[in-house]
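Heads up, the thing below is written out as structure tokens.
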Number of protein chains: 2
Amino acid sequence: MTLPTRKSGTIPGATVARLPIYHRVLTSLAAQGVTSVSSEELAVACGVTAAKLRKDLSHLGSFGTRGVGYEVAFLSYHIARELGITKSRGLVIVGMGNLGRALASYRAFVARGFHVVGVFDRDPRVVGTSFINGTESLTVQAIDELAVTVAKSDAQIGVITTPGESAQDVADSMIAAGLVSILNFAPVVLAVPENVEVRKVDLAVELQILAFHEHSLDESDQSDLPRVGIA
Amino acid sequence: MTLPTRKSGTIPGATVARLPIYHRVLTSLAAQGVTSVSSEELAVACGVTAAKLRKDLSHLGSFGTRGVGYEVAFLSYHIARELGITKSRGLVIVGMGNLGRALASYRAFVARGFHVVGVFDRDPRVVGTSFINGTESLTVQAIDELAVTVAKSDAQIGVITTPGESAQDVADSMIAAGLVSILNFAPVVLAVPENVEVRKVDLAVELQILAFHEHSLDESDQSDLPRVGIA
DNA sequence: TAGATTGTTAATCGATTAACAATC
DNA sequence: TAGATTGTTAATCGATTAACAATC
């Protein structure tokens with residue numbers, strides 16, 4: 001018998017994007033006391049096909065047992081290890097509008113291994129105000145203080161929740177402060193050095209993609225309608 | 001000379017997902033008084049390659065002029081038309097926690113052609129409370145009232161911002177109320193009939209994908225380190 | 001006409017799927 | 001051994017890219 005071997009080489013992007021889902025479902029199964037799961041069962045719970053799930057996992061190594069399935073805790077640990085979420089990672093959030101304040105208090109972040117180490121805003125009227133996020137109280141800081149806070153804490157990810165106009169300036173400040181991972185909610189394309197990874201979430205874009213779905217239905221409704229005319 | 005012809009057939013999903021970006025950038029260019037743009041210029045502003053942009057647009061029809069470029073207003077209109085965002089679409093939001101309240105007041109939604117027609121929560125202590133979103137005041141309703149509100153208004157899209165435990169129930173209520181487009185922020189896979197389109201946004205997943213990036217850097221840092229030993 | 005840029009073609013790349021040999 | 005399920009292979013599918021003929 002050989003120890004499970006971690007595959008060398010890189011993991012496809014599409015696979016990386018699904019690993020967090022697998023991890024969350026496995027965590028949930030473990031909480032329910034489930035100790036073993038087949039690729040078919042796990043796939044259904046994750047909303048993917050069993051073939052895709054097994055293919056994804058095959059990029060990490062060989063963590064299942066043929067004829068049996070996967071041990072929930074074991075697989076969960078190896079996915080967490082691969083994702084680098086075995087330790088909690090620090091966030092800074094810049095832009096304390098509605099969305100920024102909501103994210104600063106978002107309980108799912110803590111539940112999934114992140115902690116907010118600082119919140120920032122450009123507006124002097126907002127700087128210095130405090131609010132409660134879960135257990136601790138956060139005081140809004142000026143953006144000048146970003147670099148010092150990032151250095152003092154172990155912050156690794158910057159979240160931008162400003163309007164589009166300020167987003168590039170904020171990104172520049174984050175990069176100057178040493179951050180190389182940015183989650184950008186502002187509807188602008190950020191220019192960053194190539195060692196910096198930006199993920200963009202545009203909530204209005206998500207709605208517009210759904211609007212396309214609605215619109216497609218409208219059109220097919222029309223062509224499905226019986227046409228009045230010469231028969 | 002022939003009129004620009006709209007292509008028949010379906011538009012690839014990857015293209016549909018980028019059309020809102022093109023539309024937003026075109027809107028921004030128009031606001032700056034730019035009337036004409038080349039695929040190269042537009043692509044840079046959108047963060048894609050010119051080849052990809054032209055390929056995407058080719059699925060909608062032929063709206064450019066060879067040797068010249070695209071007329072901003074003309075192209076913008078045709079993308080909006082394709083996406084079905086020439087008219088404002090109504091949203092209902094269920095789950096008035098931090099995220100739900102933030103989205104209910106999110107100005108970018110109105111700016112991009114959506115309006116909130118109702119907000120809902122399960123908690124009787126929250127039902128009946130009001131808050132201001134831009135110009136109007138919204139009163140939180142009980143989920144029982146969802147169907148009536150959807151029927152009375154022109155709501156077409158349901159947004160779920162509840163905890164995971166309630167999300168499936170909420171989705172069922174939305175579908176019963178006649179909604180077929182759902183934006184789901186709860187970290188669960190919703191079971192829905194196949195005529196219903198669900199888009200899932202998991203904010204913690206976005207962070208976890210960035211954590212993978214951080215983690216990859218950690219690993220390459222280590223292998224880059226000079227190793228002490230027999231040389 | 002000469003220069004520029006589109007729209008399309010063909011090649012490449014990556015992701016998905018189905019099937020099955022390996023093996024518990 | 002018989003039944004079950006993984007991990008892998010090969011085929012398919014869809015998306016991206018580069019190059020260029022069409023044409024303003």
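Treat the numbers as computed from the prediction; the structure is a model and nothing was measured. Below, chains carry the letters A, B, ... as their sequence lines are ordered, and counting in each starts from 1.
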Distance, rounded to the nearest Å, where B:E40 contributes CD and C:dG3 contributes P: 20 Å

Side chain of B:Y70 (C-beta onward), nearest among C:dT6, D:dT16, D:dC24: C:dT6

Audit row: A:F63, A:F74, ring pair (Phe, Tyr, Trp, His ring centres under 6.0 Å) steps and yes/no: CA-CA 8 Å; A:F63 299 121; A:F74 184 71; 5.8 Å; yes

A:N98 and B:Y106: side chain donor to acceptor below 3.5 Å: no

Any N/O donor-acceptor pair, B:R66 side-chain to C:dT6 base, under 3.5 Å: yes

Nucleotide of C:dA19, C:dA15, D:dT17 approaching A:R54 most closely (side-chain heavy atoms): C:dA19

Closest nucleotide among D:dT17, C:dA15, C:dG7 to the B:S62 side chain: C:dG7

Out of D:dA19, D:dT17, D:dA15, whichever nucleotide has its closest atom nearest the side chain of B:K52: D:dT17

Upstream residue (5' side of DNA chain D) when A:S38 and B:T49 are each assigned their closest nucleotide: A:S38

Nearest-Å distance for atom pair CG/C1', residues B:D56 and C:dT8: 14 Å

Closest to side chain of B:R18, choosing from D:dT16, C:dT16, C:dG7: D:dT16

From A:E214 atom CD to B:I85 atom CD1, the distance as rounded to the nearest 0.5 Å: 13.5 Å

Sugar-phosphate, base or nothing in reach of A:A51, heavy atoms under 4.0 Å: base

Residue closer to the 5' end of DNA chain C, A:A14 versus A:T65 (nearest nucleotide): A:A14

Watson-Crick or G-U wobble mate for C:dA15, both contacts under 3.5 Å: D:dT12

Atom pair distance, as rounded to whole Å: CD in A:E71 and C1' in D:dT6: 16 Å

Residue whose nearest DNA chain C nucleotide is more 5′ - B:L57 or A:V68: B:L57

Distance, rounded to the nearest Å, where B:K55 contributes NZ and C:dT9 contributes C1': 8 Å

Between C:dA18 (P) and A:L53 (CG): distance, integer Å: 15 Å

Between C:dT6 (P) and B:Y22 (OH): distance, integer Å: 13 Å

Phosphate-side-chain proximity, B:S39 and C:dT5, N/O vs OP1/OP2 below 4.0 Å: no

Approximate separation, where rounding is to 0.5 Å, of A:L190 CG and A:M174 CE: 9.5 Å

Identified side-chain contact (heavy atoms from CB on, under 4.5 Å) counterpart of A:F185 within the set A:I93, A:I160, A:T162, A:T161: A:T161

Rounded interatomic separation in angstrom, taking CZ from A:F63 and P from C:dC24: 16 Å

Ionic contact status for B:D202 with A:R112, cut-off 4.0 Å: yes

Under 3.5 Å on both distances, the Watson-Crick or G-U partner of D:dC20: C:dG7

Rounded interatomic separation in angstrom, taking CD from B:E41 and P from C:dT6: 9 Å

